[in-house]
Amino acid sequence: MFFPLIPDIIRERVCWSTISVTSVLVFVPEPSIHWLNEIRQEPDLPSTFGIVDLFACPGGLGEGFASLFEDGHAPFQIGISVEKEASAHRTLTLRAFLREYRARHGVLPKEFIDFHAGLASEPDWSAVDAEAWQHAIDEARALVLGTGAAATAIDGAIATLKAKYDDTIVIGGPPCQAYSLVGRVGSRGKVGYPKSRCPSISEAA
């Protein structure tokens, strides 16, 4: 079984999730041995994992998981993406919409292609496909982690994913170095602050 570009811990989990073990009684025609238990591995249906994407930013990490296809099967399905920054959240929502639209129609919407090419202004995405847009709104959430609203939304999403898929995976990225207000950007202009220095955990706290 081959899983390209998947971290070891996920690849191992997928391997064990896609194998059923059955015990079969086998008769052995020898006087001293009457029955043996044989363990036989049988391939099962491909596993599918629900994804909870935290610190999602514009959605690049989640997009990588959602873009994986193995023999026509997409093993990772995003259930909820959480991002508090407004502009990043708008991009996150559009990504979710385009993914859902393409899953429904097999192509990207012409309105997006024209908008992306600068030939038209941004359309009302809900008018392009109302159901796909509602799906995107439900998936991409503008929430602040640590609040009650975020906890309720994430707990609900996890419960839904656990009921729907084989297992649930939580992913998340650290703050984008180019945009984070901690560290390099927040210290811009300070005398003696190293330009290449990354913020430490203690600084972020």
Side-chain angles (χ1 to χ4, degrees), residues 3-6 10 14 17-18 45-145 147-173 175-176 178-179:
F3 295 88
L5 303 179
I6 302 178
I10 298 177
V14 172
S17 296
T18 54
L45 295 175
S47 292
T48 304
F49 299 87
I51 298 293
V52 176
D53 187 11
L54 307 180
F55 306 101
C57 211
L61 185 59
E63 195 73 26
F65 276 80
S67 297
L68 176 64
F69 282 84
E70 187 76 0
D71 296 328
H73 172 66
F76 303 113
Q77 299 292 323
I78 298 178
I80 186 172
S81 297
V82 178
E83 172 55 46
K84 71 174 184 178
E85 202 278 320
S87 60
H89 175 257
R90 286 196 298 271
T91 302
L92 184 69
T93 307
L94 181 56
R95 281 182 184 270
F97 169 75
L98 294 175
R99 247 191 342 268
E100 182 65 16
Y101 185 96
R102 186 159 52 184
R104 290 167 177 263
H105 304 284
V107 295
L108 290 173
K110 183 179 184 300
E111 293 86 348
F112 171 75
I113 295 174
D114 291 343
F115 169 59
H116 189 266
L119 302 177
S121 58
E122 184 172 9
D124 177 0
W125 300 113
S126 64
V128 176
D129 187 322
E131 291 185 2
W133 183 247
Q134 185 60 53
H135 175 91
I137 292 174
D138 293 339
E139 176 186 308
R141 307 295 296 275
L143 297 168
V144 178
L145 294 177
T147 64
T152 299
I154 294 170
D155 287 346
I158 290 175
T160 300
L161 293 173
K162 288 176 68 176
K164 188 175 182 180
Y165 300 115
D166 299 292
D167 214 335
T168 305
I169 298 175
V170 178
I171 64 175
C176 299
Y179 302 101

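Computed from a predicted structure; not experimentally measured.
- Partners of Thr168 according to the side-chain hydrogen bond (donor to acceptor under 3.5 Å, both in side chains) rule, which considers only residues two or more places apart in sequence or in another chain, do not exist here.
- With rounding to the nearest 0.5 Å, the separation of CG in Leu108 from OH in Tyr101 is 9.0 Å.
- Applying the side chain to side chain contact (heavy atoms under 4.5 Å, CB included) criterion to Ala103, with sequence neighbours excluded, gives no partner residue.
- You'll find the side chain of Leu161 stays beyond 4.5 Å of the side chain of Gln77, heavy atoms only.
- For Thr147, the side chain to side chain contact (heavy atoms under 4.5 Å, CB included) criterion is met by Val144, Ala149, Ala150, not counting sequence neighbours.
- Annotation: salt bridge (charged side-chain N to carboxylate O under 4.0 Å, His left out) contacts of Arg104 (sequence neighbours excluded): Glu100, Glu131.
- With sequence neighbours excluded, no residue forms a side-chain hydrogen bond (donor to acceptor under 3.5 Å, both in side chains) with Arg102.
- For Leu61, the side chain to side chain contact (heavy atoms under 4.5 Å, CB included) partners are Phe65, Ile171, not counting sequence neighbours.
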For residues 119-128, run the donor-acceptor check on the side chains, cut-off 3.5 Å, and write out each pair with its distance to 0.1 Å, sequence neighbours left out.
unit_1	atom_1	unit_2	atom_2	d
Glu122	OE2	Trp125	NE1	2.8
Asp124	OD1	Ser126	N	3.1
Asp124	OD1	Ser126	OG	2.6
Asp124	OD2	Ser126	OG	3.3

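- Counting only distance, with no hydrogens or angles, the side chain of Asp166 and the backbone of Phe49 share no donor-acceptor pair below 3.5 Å.
- One finds the CD1 atom of Ile169 at 4.5 Å from the CD1 atom of Ile51 (value rounded to the nearest 0.5 Å).
- In plain terms, the two heavy atoms of Phe76 and Leu68 that are nearest each other are CE1-CD2, 3.5 Å.
- Residues satisfying the side chain to side chain contact (heavy atoms under 4.5 Å, CB included) criterion with Thr93, sequence neighbours excluded, are His89, Trp133, Ala136, Ala140.
- Sorted by first and then second residue, the side-chain hydrogen bond (donor to acceptor under 3.5 Å, both in side chains) pairs involving residues 108-119 (not counting sequence neighbours) are Lys110-Asp114.
- Expressed to the nearest 0.5 Å, how far CG of Leu145 lies from CD1 of Ile154 amounts to 5.0 Å.
- Applying the side-chain hydrogen bond (donor to acceptor under 3.5 Å, both in side chains) criterion to Gln134, with sequence neighbours excluded, gives Asp138.
- Heavy-atom minimum distance, Ser81 versus Ile78: OG-CG2, 3.4 Å.
- Of the inter-residue distances, the one linking Glu83 atom CD with Arg90 atom CZ reads 11.5 Å to the nearest 0.5 angstrom.
- Residue pairs meeting the salt bridge (Lys or Arg N to Asp or Glu O under 4.0 Å) criterion with at least one member in residues 147-157: none, sequence neighbours excluded.
- With rounding to the nearest 0.5 Å, the separation of CZ in Phe97 from CZ in Phe112 is 10.0 Å.
- Taking the side chain as every heavy atom from C-beta outward, Asp167 and Ser47 never approach each other to under 4.5 Å.
- Summarising the geometry of Ala153 relative to Ile80, their closest heavy-atom pair is O-CD1, 3.9 Å, with the distance given to 0.1 Å.
- Scored by the side-chain hydrogen bond (donor to acceptor under 3.5 Å, both in side chains) test, Arg99 finds Glu63, Glu139 as partners (sequence neighbours excluded).
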